[in-house]
Amino acid sequence: RQMEELTEEKERLESGLAGKSAAFRRQQQLKRLTAARLQEVLPADLALVDFLEVWQSSPSATEKGGRTWERRLAAFVVRRGAIEQLDLGPVEPIDAAVERWRRHWGADAQGRAAGAELRRLVWGKLQPHVQGARLVLLSPDGALARLPMGALPGGKPGSYLIEEVPLAVVPVPQLLPELLARQPAKDDERALLLLVGGVDYGAEPGSADEGESRSAARGGGTGTLFDWPGLAGTGVEIDALEKLFHERYPDGR
């Protein structure tokens, strides 16, 4: 009886709060998002792949009445008007390949072999189900959360998967209806962009004028727990991004 009374009171309070707060109403709607509603808001040329690691049991081959358990990777491919559930196989070989790839980020022979194996184990099984998609949204789980899928080998030697199909990571698919409902900014509206790169963790803390770079030391300097190397390569990255940004938004800052 107490549980029923408390539940009714909770629902009453939530109803009252929803009437006063638009943000709370949106939050409650996200909790009640159904697969059918998600399909409705997805553009026809967009595909969502939601990965999920699950435990699966099967009768034991050696013990009567016993069961064996195996962790497997499932993928739910959501498109306008259709949802497909795919079994991508055991997690163990995928996890091992991700570890091998991450040792040198696919740059050595072992990493390239691991990348090719991951493309076969994961993307090769997904590809037929996302054909024709202008953009593929990925919501990773488990081992795949540690892998930048776009860095996998492409179909041609020396190419990458990101060159074949645009990929984007969506950690929380429930937010898609709200994200897709937002209107893109007009070209003549002021565009602001913050770029962080070329980070030098050992530099002296301090302020900097706009357009200049300064870094804040972590942990007190050389020889401490936070004695991290600089990220010189990210300076080149933000230079390229700044150029693209100004080409797209000439009046942007």
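Heavy atoms only: backbone and side chains are in, while hydrogens, waters and symmetry mates are out.
- Chaining together hydrophobic side chains whose heavy atoms lie under 4.5 Å apart places Leu52 alongside Val54, Phe76.
- Note on Leu194 and Val236: separate hydrophobic clusters, where clusters join Ile, Leu, Val, Met, Phe, Trp and Tyr whose side-chain heavy atoms are under 4.5 Å apart, directly or indirectly.
- Checked by atom type, the side-chain pair Thr68/Ser58 shows a donor-acceptor distance below 3.5 Å.
- At a threshold of 4.5 Å between side-chain heavy atoms, the hydrophobic network of Ile, Leu, Val, Met, Phe, Trp and Tyr places Val78 and Leu180 in one connected group.
- No side-chain heavy atom of Asp45 sits less than 4.5 Å from a side-chain heavy atom of Leu135.
- How far CG of Asp50 is from CG of Asp141: 8.0 Å, rounded to the nearest 0.5 Å.
- A distance of 8.0 Å separates CG in Asp87 from CG in Leu73, rounded to the nearest 0.5 Å.
- Counting non-hydrogen atoms of other residues, nucleotides and ligands closer than 6.0 Å to OH of Tyr160 gives a total of 12 or fewer.
- Contact annotation: the side chain of Gln110 approaches that of Arg103 to within less than 4.5 Å [non-hydrogen atoms, C-beta and beyond].
- Residues Tyr249 and Asp251 have side chains not in contact (no heavy-atom distance under 4.5 Å, counting atoms from C-beta outward).
- The residues Lys10 and Glu14 are annotated as salt-bridged, a charged nitrogen and a carboxylate oxygen being separated by less than 4.0 angstrom.
- The salt bridge (charged side-chain N to carboxylate O under 4.0 Å, His left out) test applied to Arg67 returns no partner, not counting sequence neighbours.
- Glu164 has a carboxylate O that lies under 4.0 Å from a charged side-chain N of Arg119, or vice versa, which qualifies the two as a salt bridge.
- When side chains are defined from C-beta on, Leu152 counts as touching Leu147, because their heavy atoms get closer than 4.5 Å.
- The closest donor-acceptor contact from the side chain of Glu53 to the backbone of Ala143 lies under 3.5 Å.
- Side-chain contacts under 4.5 Å among hydrophobic residues (ILVMFWY), followed directly or transitively, place Trp55 together with Trp69.
- Comment: Glu99 does not engage Arg102 in a salt bridge, judged by the lack of any side-chain N to carboxylate O separation of less than 4.0 angstrom.
- Scanning for salt bridge (charged side-chain N to carboxylate O under 4.0 Å, His left out) contacts around Glu70 gives Arg72, with sequence neighbours left out.
- For residues 93-137, the pairs satisfying ring-ring contact (aromatic ring centres under 6.0 Å, His included) are Trp101-Trp105, with sequence neighbours left out.
- Here the closest heavy-atom approach between residue Glu117 and residue Ala97 is recorded as OE1-CB, 4.1 Å.
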Item to check | Residue pair Arg146, Asp95: steps toward the salt bridge (Lys or Arg N to Asp or Glu O under 4.0 Å) verdict | outcome: CA-CA 9 Å; Arg146 297 180 287 115; Asp95 188 45; 2.5 Å; yes
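- A salt bridge is defined here as a Lys NZ or Arg NE, NH1 or NH2 lying under 4.0 Å from an Asp or Glu carboxylate O, and Glu4 with Arg1 fails to meet this definition.
- Between the Thr234 side chain and the Glu237 main chain, no donor and acceptor come within less than 3.5 Å of each other.
- Clustering ILVMFWY residues whenever any of their side-chain heavy atoms sit less than 4.5 angstrom apart, transitively, puts Leu86 in the very cluster that holds Val91.
- The two residues Val165 and Ala133 come nearest to each other via the heavy atoms CG2-O, 4.3 Å.
- Here the closest non-hydrogen pair linking Arg100 and Ala114 is CB-CB, 3.9 Å.
- Within the 4.5 Å cutoff, the side chain of Leu48 has heavy atoms near those of the Pro173 side chain.
- Looking only at distances, no side-chain donor or acceptor of Arg253 sits under 3.5 Å from a matching main-chain atom of Leu192.
- Atom CG of Leu193 sits about 8.0 Å away from atom NE2 of His246, to the nearest 0.5 Å.
- Considering only heavy atoms from C-beta on, Val49 stays 4.5 Å or farther from Ser139 through its side chain.
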Next on the checklist: Between Leu167 and Leu161, does the side-chain contact (heavy atoms from CB on, under 4.5 Å) criterion hold? Intermediate values first, please.
Outcome noted: CA-CA 9 Å; Leu167 303 171; Leu161 179 59; 3.9 Å; yes
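- Looking at residues two or more places apart in sequence or on another chain, you find no salt bridge (charged side-chain N to carboxylate O under 4.0 Å, His left out) involving Arg120.
- Looking at Val130 and Val77, their side chains come closer than 4.5 Å, going by heavy atoms from C-beta outward.
- Linking ILVMFWY side-chain heavy atoms closer than 4.5 Å, directly or via other members, places Leu144 and Val170 in two distinct hydrophobic clusters.
- Within the 4.5 Å cutoff, side-chain heavy atoms of Val122 are placed close to those of Met149.
- At least one donor-acceptor pair under 3.5 Å links the side chain of Thr7 to the backbone N or O of Met3.
- Heavy-atom minimum distance, Phe51 versus Pro140: CD1-CA, 3.9 Å.
- Leu137 and Val169 end up in different hydrophobic clusters when Ile, Leu, Val, Met, Phe, Trp and Tyr side chains are linked at under 4.5 Å.
- Glu40 and Arg80 are not joined by a salt bridge, as no carboxylate oxygen comes within less than 4.0 angstrom of a charged side-chain nitrogen.
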